[in-house]
There are 2 protein chains.
Amino acid sequence: MDHPEETGGDPGPTRGREATKARILASAKELFTNEGYGSVSSRMIASHAGVNVALINRYFGAKRGLLTELLRADGVFPGLIEGDPATLTRRLAEHAVSRLHGEGTALQRALDDSAGDPDLQKVYQGRITTAMIDPLTAYLGGDDARAHASLMSAVMLGLTRVRLVEGATALRALDRERLTDRLQALLDLCLDGFGEPEDDGEPGRG
Amino acid sequence: MDHPEETGGDPGPTRGREATKARILASAKELFTNEGYGSVSSRMIASHAGVNVALINRYFGAKRGLLTELLRADGVFPGLIEGDPATLTRRLAEHAVSRLHGEGTALQRALDDSAGDPDLQKVYQGRITTAMIDPLTAYLGGDDARAHASLMSAVMLGLTRVRLVEGATALRALDRERLTDRLQALLDLCLDGFGEPEDDGEPGRG
DNA sequence: TTTGACAGGTCAACAGCGTTTACATATACC
DNA sequence: GGTATATGTAAACGCTGTTGACCTGTCAAA
């Protein structure tokens, strides 16, 4: 607020619309990270940002808009889907295990814990489809691609869920490599074709 | 309200504490079923039951208490875990597909759609552990039992999640038998032992 | 019959939430 | 200077779940 800090090409005004928006966003991020989403009220954010409550709704539509804005930057699976198809399930498995162990950005962790809030649901609802299932579907290709993507997403989301409701201590206690292997196997199994009536076939990935 | 009607062995009073509680519960069930949990307020329930709002908190502690009470009767997996161990995963798979298609009681369906509400979360949070993971753990037995149970729960919960956020239309469009087979295979894979460093072993169920 | 205790029910309020409306103020342009 | 327009403010709205103080009818004891 008193360090105008012009770092060169990047315009970072300390007053005016953009500065206020940035200040609100920064406060929201900090508070959400430390307190979770549901526990932080609009008035708390405004107070922390030294700003009137009404501005949150003016600039972001609603409290939920803050969340959308904060999440717009990073994907649900940042950079995981793109890459070598042969190792996709491995990457996802590693990512899942990582999240299971509470790794990731502090904000991600906080929001994982706050999952369940209706606002968060609504925001994620769109993001899971557009940033996870849709890209996976496109990436996999083919007719049943969306079904495969949905199954994989189910496994990934289910793990988050178990961590949320139960802590997943038993899973976290497992050897990390073995758990990753198992998750990868589960994800691979999600990718098997649905065409053959044989329930117990060879791994027909792709 | 004016028919004290003692029907003999079964006490079903229309006045007094128990009758009022029953009336509130019935109204809550009906409204939750038709409108979802979050959309129904305490005052709506009270009004529908012809009762004062304060009685809800007097008799059930809070709105959440209504939910707990309504769910106390039926399990998360009613009667699925008990039974022939050899067909456990089959039963769970069939149950999952059934829920995916929106079958089950009307209340279950409504609450599935309302999942995400913090109150519902808190109630489910306990129930998923005590009515799903714990019994599964006990049922499976052994040292890694809880890890296996957690993995299975993840798959089951993930499916609910995908249905909630994306609709799971692609999965529901699949041949039901094939989807059930696939889910069963996934659940079976959850049960494989973690002990062997070999990632691709025989089905060491149990 | 009168008295008192008490369970059952009502009413109005509390504190909080997200959001909106009407208003004040500073900025920038003609 | 005058005026439009962006920016910020204060106060309220309507809603939520929840609570404490107050009636009221029933029943038992004196």
Side-chain angles (χ1 to χ4, degrees), chain A residues 1-2 4 11-28 31-32 35-70 114 116-123, chain B residues 1-6 11-28 31-32 35-70 111 114 116-123:
Chain A
M1 185 199 184
D2 24 31
T14 55
R15 290 176 45 185
R17 177 190 181 94
E18 291 312 313
T20 303
K21 286 179 66 171
R23 203 133 35 88
I24 294 174
L25 265 181
S27 293
L31 290 173
F32 288 164
E35 319 270 356
Y37 179 81
S39 314
V40 176
S41 72
S42 302
R43 286 172 176 83
M44 287 171 67
I45 300 170
S47 164
H48 186 276
V51 143
N52 193 278
V53 207
L55 290 186
I56 291 179
N57 295 288
R58 175 191 288 272
Y59 287 143
F60 299 96
K63 187 188 173 190
R64 191 190 310 160
L66 282 171
L67 212 50
T68 312
E69 198 61 25
L70 283 175
S114 300
D117 190 283
D119 269 12
L120 236 143
Q121 295 277 355
K122 278 177 194 129
V123 173
Chain B
M1 151 201 242
D2 25 31
H3 301 266
E5 192 84 18
E6 310 274 3
T14 55
R15 292 175 45 185
R17 178 189 180 92
E18 291 311 314
T20 303
K21 285 180 68 172
R23 202 133 35 88
I24 294 173
L25 265 180
S27 293
L31 290 173
F32 288 165
E35 318 270 356
Y37 179 80
S39 313
V40 175
S41 72
S42 302
R43 285 170 175 82
M44 286 171 66
I45 299 170
S47 163
H48 186 275
V51 142
N52 194 278
V53 208
L55 290 187
I56 291 180
N57 294 289
R58 174 190 287 272
Y59 288 143
F60 299 95
K63 186 188 173 190
R64 192 190 310 160
L66 283 171
L67 213 49
T68 313
E69 197 63 25
L70 282 175
L111 293 187
S114 299
D117 189 283
D119 270 11
L120 236 142
Q121 295 278 352
K122 279 178 193 128
V123 173

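Residue Thr20(A) has no polar side-chain atom (N or O) positioned under 4.0 Å from OP1 or OP2 of dT7(D).
We find the CD1-CZ distance between Ile24(B) and Arg58(B) to be 10.5 Å, quoted to the nearest 0.5 Å. Taken from NZ in Lys21(A) to CG in Leu25(A), the straight-line distance is 7.5 Å, to the nearest 0.5 Å. Here Ser114(A) contributes atom OG and Leu120(A) contributes atom CG; the two are 6.0 Å apart, rounded to the nearest 0.5 Å. Here the CG atom belonging to Asn52(A) is positioned 11.0 Å from the OG1 atom belonging to Thr20(A), to the nearest 0.5 angstrom. Once rounded to the nearest 0.5 Å, the distance linking CG of Leu70(B) with CZ of Phe60(B) reads 8.0 Å. Of the inter-residue distances, the one linking Ile56(B) atom CD1 with Arg64(B) atom CZ reads 14.5 Å to the nearest 0.5 angstrom.
One can place CG of Asp117(A) at 10 Å from P of dG18(C), the figure rounded to the nearest angstrom. As a whole-Å value, the separation of Arg23(B) CZ from dG8(C) P is 13 Å. Between the OH atom of Tyr37(A) and the P atom of dC17(C) there is a distance of 13 Å, given to the nearest Å. Protein atom NZ of Lys21(B) is 10 Å distant from nucleotide atom P of dG8(C), rounded to whole Å. Rounded to whole Å, atom P of dT7(D) lies 12 Å from atom CD1 of Ile24(A). The OH atom of Tyr59(A) sits 10 Å away from the P atom of dT9(D) (whole-angstrom rounding). In this structure, the CZ atom of Arg17(B) is 17 Å from the P atom of dC27(D), given to the nearest Å. Atom pair Leu31(B):CG and dT16(D):P shows a separation of 13 Å (rounding to whole Å applied).
Distance from the side chain of Asn57(B) is smallest to dT18(D) among dG9(C), dT18(D), dT19(C).
Residues His48(A) and Ser27(A) approach most closely at ND1-OG, 2.9 Å, considering heavy atoms. Between Lys63(B) and Asn57(B), the shortest heavy-atom contact is N-OD1, 4.3 Å. Considering all non-hydrogen atoms of both residues, Arg23(A) and Gly50(A) come closest at NH1-O, 4.1 Å.
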Distances under 3.5 Å between nitrogen or oxygen atoms of protein and nucleotides 11-14 of chain C:
unit_1  : atom_1 : unit_2   : atom_2 : d
dA13(C) : N6     : Arg43(B) : NH2    : 3.2

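Near-neighbour residues of DNA chain C inside residues 60-69 of chain B, defined by a heavy atom below 4.0 Å, are absent.
Take the nearest nucleotide of DNA chain D for Asp119(B) and for Arg58(B): the residue whose nucleotide is more 5' is Asp119(B).
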